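What follows is a single structure, written as structure tokens, with notes after it.
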Number of protein chains: 2
Amino acid sequence: MAGGGSARGKRSRVTLRDVAELAGTSRSTASRALSGTGYVAEHIKERVQAAADSLGYVPDVSARTLKGRSSGVIGLLVSDLRNQFYAELAAGVEHTLSSEGYQVVLVDDHGSAERAVDAARAFLAMRADGVLIAPVGRGATELLVEHGMPVTEVDRRSGVRGCDVVTIDSRAGARAAVDHLLALGHRAIGVVVDETFWDTGRDRLKGYRAALRAAGVTAGRRHVLDLGHTARPAQEEVGRFLDSEPTLTAVFAANNVVAELVWLELKRRGVSVPDQYSLVSFDDLPWMRMVDPGVTAVRQPVFAMGERAAGLLLERVRRGGGGRSVSDVLEPELAVRDSTSAPRG
Amino acid sequence: MAGGGSARGKRSRVTLRDVAELAGTSRSTASRALSGTGYVAEHIKERVQAAADSLGYVPDVSARTLKGRSSGVIGLLVSDLRNQFYAELAAGVEHTLSSEGYQVVLVDDHGSAERAVDAARAFLAMRADGVLIAPVGRGATELLVEHGMPVTEVDRRSGVRGCDVVTIDSRAGARAAVDHLLALGHRAIGVVVDETFWDTGRDRLKGYRAALRAAGVTAGRRHVLDLGHTARPAQEEVGRFLDSEPTLTAVFAANNVVAELVWLELKRRGVSVPDQYSLVSFDDLPWMRMVDPGVTAVRQPVFAMGERAAGLLLERVRRGGGGRSVSDVLEPELAVRDSTSAPRG
DNA sequence: CTGTTAGCGCATTCAG
DNA sequence: CTGAATGCGCTAACAG
């Protein structure tokens, strides 16, 4: 069986030296036998293997890494693991990375640029082979790229040069969402975002505006609610927004967090969806097809984005970190459900 | 700012030697200055610090680890990151661990005992300081404990001795859920589980049976559906179960995955909840209070469980891996919503 | 094909 | 208070 029984806990680790001694070879031969690199007689190889198994030998990656070889570690930096979006992103990343034999070091920066930089430093210190990051600032990516660390950004782009980027076309997705509302006859369409620092929030706003413009509808500045700056509880703020803009017949929520907020406020008020308000979310979560009415949503290929980003990073790692920076934009698609219909009146 | 500008990418890493040279000291002095251990003149310390900053020096953990000090890494093994339960568990773990300066290496074993053992070996190889694991077999924990690695199990227990365990009282939670149904007057209560290999599934079944027994209701063997052995699509299987046991007035779903399945099947059939069927879930997820009617659920302190397990592991790590094994059982609580009412007829 | 030698970068003796 | 020397475990040259 794996490990045999003779490895007794605790006592100083068994090292290659022990394996070599037991097998009656030198350490280098043992090393070659186990790593499969270089020449080594078949019967010796077997003997070493047996010795390693019986001692429960586990190679020390620190030593291997120190020696200059790969650490086999990839850093992953996300903003909030409890948000299903990031959990799924992480799952996608983990999926391709672990299938390639890499370990994932996961850090949740909770949206803090400072913590992101700390994490970046930790990845550097661990001699990670590369880093995947959903940036919350330029700092972390800058630090990493400066140090020659292969980096691929996911979901958002910091604007730092020298790394790959995989995003979802926020603008097109928002455009599709709002076009859908316009086609149904809506003209007074509100949009709720929780930040406009990143391209995600900004581009969704742009897509919203572009759709209105293309339809010849003037986009009232007051139809935009940015939760990013408000201190008040967010749901309450949504309520004020709805009160202050009574002509609205539809709301576009810029991400799943905002969509939940809007949805809860609508439910709290007991207003009918889609009769009173139509609702569209950017980002599709399981609950959106479970509630009644189902929420029309822009579906993002999140898991695939994670896989793609990981794949790109690995390519970069393999060519030594250099080369052209590729920028991949994945297309979202609109899933029409029952939260959208022609406007009231 | 941190790192200065002079770190040019790529070129061989800057090491302590470089810092020492620039600061005009020996490497040992530089080491002491930066690590804050041992004597070193104040002005020298500042000079070294400045040199390190200007070069963008980042210490090499591999070297440090090799030297015998802590790797600063804790392994975390979960079964399915896309399941909100595990995502939240991971978030809780990450929360306390990162606040203590540890890095988390996350592996998703997708419920495979084999992959779990591989991950365990990887943690050993990385010289992780400890490992948190939601076991899917004895193998991984055994390997780890055998090698003297501090281990804390979460959510499930493998039964391997020598590690701490933090779980939630499945039996009590199930008991509360079924007692609730019984109090409402239900007598024909079905239960759906997706495994009975682990204590989670088994104990929930036990709790279910204990509740019935205490109420003097004979628990029909046919009222139990174990999805674990079925090849057929699970939701379809739930449908067959419902058809074959037409007297059921309530269903207890043993976890969030099963609850979703049952809920979807009920919705597909267009039967009224709670009028036709009452539904209770073990594990409370956000969607359960968003759907209509809200799903009555056994709420588990998942995030707290993650934090607690991480805390316990750290204690063990600090005392060198030995000591008494503590076993912590957290209490769940029932959140009554509208999916449960008195039975039909 | 195999053994000997030499570090990787760091923290720690031990002298000065 | 500081510097020179040593070795953590492993692998890559180089001889044999």
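Numbered from 1 within each chain, the chains take letters A, B, ... in sequence-line order. Given the structure is predicted, the values throughout are model-derived calculations rather than measurements.
- Distance A:Arg17 CZ to D:dG7 P: 11 Å, rounded to the nearest Å.
- Checking C:dT12, C:dT4, C:dC8 against every side-chain atom of A:Leu66, the shortest atom distance belongs to C:dC8.
- Scanning all heavy atoms of the two residues, the minimum distance from B:Ala91 to A:Arg82 falls at CB-CG, 3.5 Å.
- When atom types are taken as modelled, the side chain of A:Asp129 and the backbone of A:Ile74 share no donor-acceptor pair closer than 3.5 angstrom.
- What separates CG of B:Leu16 from C1' of C:dA11 is a distance of 9 Å, to the nearest Å.
- Two residues, A:Tyr57 and B:Ile44, neighbour DNA chain D, and the one matched to the more 5' nucleotide by heavy-atom proximity is B:Ile44.
- For B:Tyr39 and C:dT12, the OH to P distance is 15 Å, given to the nearest whole Å.
- Between B:Ser35 and A:His43, the residue whose closest nucleotide on DNA chain C is further toward the 5' end is A:His43.
- You'll find that the side chain of A:Thr29 is closest to C:dG3, out of C:dG3, D:dA4, C:dC10.
- When rounded to the nearest whole Å, the span between CG of A:Leu55 and C1' of D:dG9 equals 15 Å.
- An OP1 or OP2 oxygen of D:dC10 is reached within less than 4.0 angstrom by no side-chain nitrogen or oxygen of A:Arg64.
- Look at NZ on A:Lys67: it is 7 Å from C1' on C:dA6, rounded to the nearest Å.
- Using a 4.0 Å cut-off, no side-chain N or O of A:Thr65 falls inside it from OP1 or OP2 of C:dC8.
- Backbone-only contact: B:Thr25 has heavy atoms under 4.0 Å from sugar-phosphate atoms and none from a base.
- Spacing between atom CD of B:Glu21 and atom C1' of D:dA4 amounts to 15 Å, rounded to whole angstrom units.
- Atom-to-atom, CG of B:Asp60 to P of D:dC8 comes out at 18 Å; the value is rounded to the nearest Å.
- Sequence order on DNA chain C of the closest nucleotides to A:Glu42 and A:Arg127 puts A:Glu42 first from the 5' end.
- Heavy-atom contacts from other residues, nucleotides or ligands closer than 6.0 Å to CZ of B:Arg17 number 12 or fewer.
- Between the CZ atom of B:Arg69 and the P atom of D:dC8 there is a distance of 17 Å, given to the nearest Å.
- Residue side chain B:Arg32 reaches the base of D:dG3 through a donor-acceptor N/O pair under 3.5 Å, judged by distance alone.
- Counting any heavy atom pair closer than 4.0 Å across all strands shown, B:Ser31 reaches a base atom.
- Side-chain to base pairing of A:Ser28 with C:dT4: one donor and one acceptor N or O lie within less than 3.5 Å of each other.
- Comparing D:dC10, C:dC10, C:dT2 by their closest approach to the side chain of A:Pro59 singles out D:dC10.
- Looking only at distances, no side-chain donor or acceptor of A:Glu153 sits under 3.5 Å from a matching main-chain atom of A:Pro135.
- B:Asp155 places no side-chain N or O within 3.5 Å of a backbone atom of B:Ala134 that could act as its donor or acceptor partner.
- In this structure, of D:dC10, C:dC10, C:dC1, it is C:dC1 that holds the atom nearest to the side chain of A:Ala41.
- For A:Glu114, the CD atom sits in a loose shell: 12 or fewer heavy atoms of surrounding residues, nucleotides or ligands are nearer than 6.0 Å.
- Side-chain atoms of B:Ser26 lie closest to D:dA4 of the nucleotides D:dT11, D:dA4, C:dC10.
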